[in-house]
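For reference, the structure is listed below as structure tokens.
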Amino acid sequence: MQKFVIQGGRRLEGDIQVQGAKNSALPILAASLLCNGESVLENCPGLSDVYAACRILTSAGCHCDMQAQTVRVRADAPHTAVIPEPLMHGMRSSIMFLGAMLGRMQTCTLGYPGGCELGPRPIDLHLDALRRMGVSIREEQGTLQCTVPKGLHGARIHLQFPSVGATENIILAAVLAKGETIITNAAREPEISDLVHFLQCCGAKIEGEGSSTVRIRGVKQLSGCTYRIMPDRIVTATWLACAAAAGGALRLTGTDAQSLEGILDVFEQMGCRCSRNEDSICFSAAGPLRAVRSLRTMPYPGFPTDAQAILMAVLCTANGTSVIEETIFENRFRHADGLVRMGADIRTAGRIAVIRGVDHLHGAQVSATDLRGGAALLTAALGAKGETVLTEIAHIDRGYDAPEQVLSAVGAKIERR
Ligand code: EPZ
């Protein structure tokens, strides 16, 4: 098993070009299954989750080729509407292929996605919505057999919770369905708008992306196009958190500051300096930062749950006491144990975490528990005194493209062993 060995306490200085967004690349790869001809996706990050999505496309009968940051997908004649069991378990977001396979092949067989480190990950909102669009779903020994006896048709769907994945799955099923689909209380995350912009470029008729009401009018067919994936706002936030924890000044390029306002605002509350341009952010942090009295994760445009762990890592050495409320996932404080091993003073109860700032953290042997929890331990290790050995880093490789190279280039002492 690979691990990172980090010597903390070194300032970070320099430029970082931010990678493409994982949570945009994955639904767009699923969407490419809906298109005739070739889709060329640029700025696609080199991540294990992206490779897994390419394997699902290949097993469905598509041609998928990734060179550097460009993925070319040809989906002229997909023939197998099955999401392979190991991929379903390995990557929860494989559920996105359900809507795309139904849209293109009118059938899909998939394993019931297991829970994950963040808690049970139900898909009731996905399945209820698809049933309203004419999908019949039979469950046999943990496998879902989905068919559309009378074809997919538009529907009016109200989401009880603005689920990102459910919003995306409905859009993927609706673009080739008969008639109009209206989603109310839709999720508003920027990655959903990126998916919609890709689909519009392929000929889909969609309005209202980024708002709570999205309208999709079904069309006969879609043709692949060339599309550049948006920057990853959570990876951007992670590099900012690293500079905040270790001290330093970074210039991030290829960013979309507008999609980060909920996060930049918190860094500024803590005393960091952020200046935003069209596609770059200049960020600096010097000396101890201020605690944040109350931080609550919310659906976009609120503070994103995916940035909660990395902000907690920075708050460990802020002046004062911070309180974080995690309202999206049940079990998203698992990184607190590792931070405490590094000397942090954190108490969690249910969805509340109380972080009392300490003077500094010290290096320790810690394990990544999940993708963003692993990023949080990496962030903390960069600011800690001494050496940290971080294991189970496969979690981190799911969402970060060569993080040790990115961080070494701006002064961190980190190596992958
Ligand atoms: C997406 O997951 C992201 N993943 C997650 O990022 C992110 O944390 C999450 O949205 C929230 O922003 C991808 O885009 C691939 P949800 P998703 O459906 O779609 C409940 C990362 O770190 N829910 O908005 O699964 C669910 O249990 C990952 O990059 C239902 O109850 O998130 C959760 O509590 C982690 N029933 C809440 O909604 C459903 O049918 C949010 O889930 C679906 C969801």
Side-chain angles (χ1 to χ4, degrees), residues 19-31 45 47-50 52-53 56 87-88 90-99 112-132 137 144 157-172 183 185-195 212 229-230 232-238 259 262-263 297-311 325-332 334-335 350-351 368-376 395-401:
Q19 71 183 59
K22 164 177 87 85
N23 292 349
S24 175
L26 295 178
I28 288 177
L29 282 164
L47 306 170
S48 47
D49 274 10
V50 168
I56 295 176
L87 289 172
M88 197 62 222
M91 183 176 70
R92 295 224 3 96
S93 42
S94 312
I95 187 72
M96 219 79 73
F97 282 86
L98 171 54
Y112 215 98
C116 75
E117 316 81 20
L118 309 183
R121 300 285 293 277
I123 55 170
D124 54 309
L125 299 176
H126 298 244
L127 302 185
D128 294 350
L130 293 172
R131 285 192 184 94
R132 295 173 72 105
I137 299 166
L144 297 176
I157 296 162
H158 180 81
L159 287 175
Q160 292 307 321
F161 176 85
S163 153
V164 172
T167 302
E168 291 169 342
N169 239 339
I170 297 163
I171 291 170
L172 290 167
I183 312 171
N185 196 27
R188 299 169 53 193
E189 272 68 4
E191 292 77 18
I192 296 173
S193 299
D194 214 31
L195 167 65
S212 298
I229 307 279
M230 70 174 277
D232 193 308
R233 60 195 169 100
I234 305 302
V235 170
T236 305
T238 306
S259 65
I263 299 170
T297 63
M298 292 297 279
Y300 193 87
F303 183 79
T305 174
D306 291 349
Q308 177 257 110
I310 52 182
L311 259 292
E325 182 182 4
E326 170 55 61
T327 70
I328 308 292
F329 287 105
E330 303 200 343
N331 183 19
R332 205 167 195 178
R334 298 181 65 210
H335 44 281
R351 291 178 180 243
T369 51
D370 56 80
L371 165 55
R372 306 302 173 186
H395 286 294
I396 299 176
D397 288 335
R398 295 187 53 182
Y400 294 85
D401 191 348

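Just so you know, ligand 1 is whichever comes first in the structure, and atom 1 is the first atom listed for that ligand. Below, all heavy atoms of this structure are taken into account, side chains as well, without hydrogens, waters or symmetry copies. Quantities reported herein were computed from a predicted structural model and do not represent experimental measurements.
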Identify the two heavy atoms, one from Leu195 and one from Ala31, that lie closest to each other, and give their separation to 0.1 Å.
CD1-CB, 3.7 Å
Least distance between heavy atoms, Ile328 atom then Met298 atom
CD1-C, 4.0 Å
Smallest heavy-atom separation, Ala166 atom then Leu125 atom, equals CB-CB, 4.0 Å
Do the non-hydrogen side-chain atoms of Asp397 and Leu371 ever get within less than 4.5 Å of each other?
no
Nearest-0.5 Å distance, CD1 of residue Ile170 to CG of residue Leu130:
7.0 Å
Test your reading of the structure: does Leu125 have an N or O sitting under 3.5 Å from an N or O of ligand 1?
yes
Would you check whether Arg332 reaches within less than 4.0 Å of ligand 1, judged by its heavy atoms?
yes
Suppose I only count heavy atoms of Ile328 and a 4.0 Å limit; which atoms of ligand 1 are within that range?
33 (C), 34 (O), 37 (C), 41 (C)
Which part of Asp124 is near ligand 1, with near meaning a heavy atom under 4.0 Å away: side chain, backbone, both or neither?
both
Can you sort out which atoms of ligand 1 are near Lys22, meaning under 4.0 Å from one of its heavy atoms?
21 (C), 29 (O)
Under 3.5 Å between some N or O of ligand 1 and some N or O of Ser93?
no
Backbone, side chain, both or neither: what part of Ile234 comes under 4.0 angstrom of ligand 1, heavy atoms only?
neither
Would the distance check show the side chain of Ser94 and the main-chain N or O of Met91 forming a donor-acceptor pair, the cut-off being under 3.5 Å?
yes
Any protein heavy atom under 4.0 Å from atom 5 (C) of ligand 1?
yes
Looking only at protein heavy atoms, which one is nearest to atom 24 (O) of ligand 1, and what is the separation?
Val164 N, 2.9 Å
One residue to check: Arg372. Relative to ligand 1, which of side chain, backbone, both or neither has a non-hydrogen atom less than 4.0 Å away?
side chain
Heavy-atom distances under 4.0 Å are what count here, so tell me which part of Asp306 touches ligand 1: side chain, backbone, both or neither.
side chain
Give the intermediate values and the outcome of side chain to side chain donor-acceptor pair (under 3.5 Å) for residues Asn169 and His126.
CA-CA 7 Å; Asn169 239 339; His126 298 244; 3.0 Å; yes
Quick check against the 3.5 Å criterion: does Thr167 have a side-chain atom that pairs as donor or acceptor with the backbone of Ala186?
no
Flag the pair Pro299 / Phe161 as yes when at least one side-chain heavy-atom distance between them is below 4.5 Å, and no otherwise.
yes
Consider every N or O of Met96 and every N or O of ligand 1, then say whether any pair is closer than 3.5 Å.
no
Below 4.0 Å, non-hydrogen atoms only: which portion of Phe161 touches ligand 1? Side chain, backbone, both or neither.
side chain
Using a 4.0 Å cutoff against the non-hydrogen atoms of Ile123, which atoms of ligand 1 qualify?
39 (C), 40 (O)
Measure across Ser259 and Tyr300 and return the closest heavy-atom pair with its distance rounded to 0.1 Å.
CA-OH, 3.5 Å
I need the nearest protein heavy-atom contact for atom 19 (O) of ligand 1: residue, atom name and distance, please.
Gly165 N, 2.8 Å
Relative to ligand 1, is Ser163 under 4.0 angstrom through side chain, backbone, both or neither, heavy atoms considered?
both
Which residue supplies the protein heavy atom nearest to atom 3 (C) of ligand 1, what is that atom called, and how far is it?
Asn23 ND2, 3.7 Å
Considering only the protein, which heavy-atom contact is closest to atom 32 (O) of ligand 1, and what is its distance?
Phe329 CZ, 4.2 Å
Can a donor-acceptor pair be found between the side chains of Thr305 and Glu326 at a distance below 3.5 Å?
yes
Salt-bridged, Lys22 to Asp306, with N to O below 4.0 Å?
no
Closest non-hydrogen protein atom to atom 25 (O) of ligand 1, residue and atom name please, with distance?
Arg121 NH2, 2.9 Å
Please confirm whether Thr305 comes within less than 3.5 Å of ligand 1 when only nitrogen or oxygen atoms on both sides are compared.
no
Applying a heavy-atom cut-off of 4.0 Å, say which part of Glu168 lies close to ligand 1: side chain, backbone, both or neither.
neither
Taking a cutoff of less than 4.0 Å between a non-hydrogen atom of the residue and any ligand atom, is Pro122 in contact with ligand 1?
yes
Gap separating the CZ atom of Arg372 from the CZ atom of Arg398, nearest 0.5 angstrom:
9.5 Å
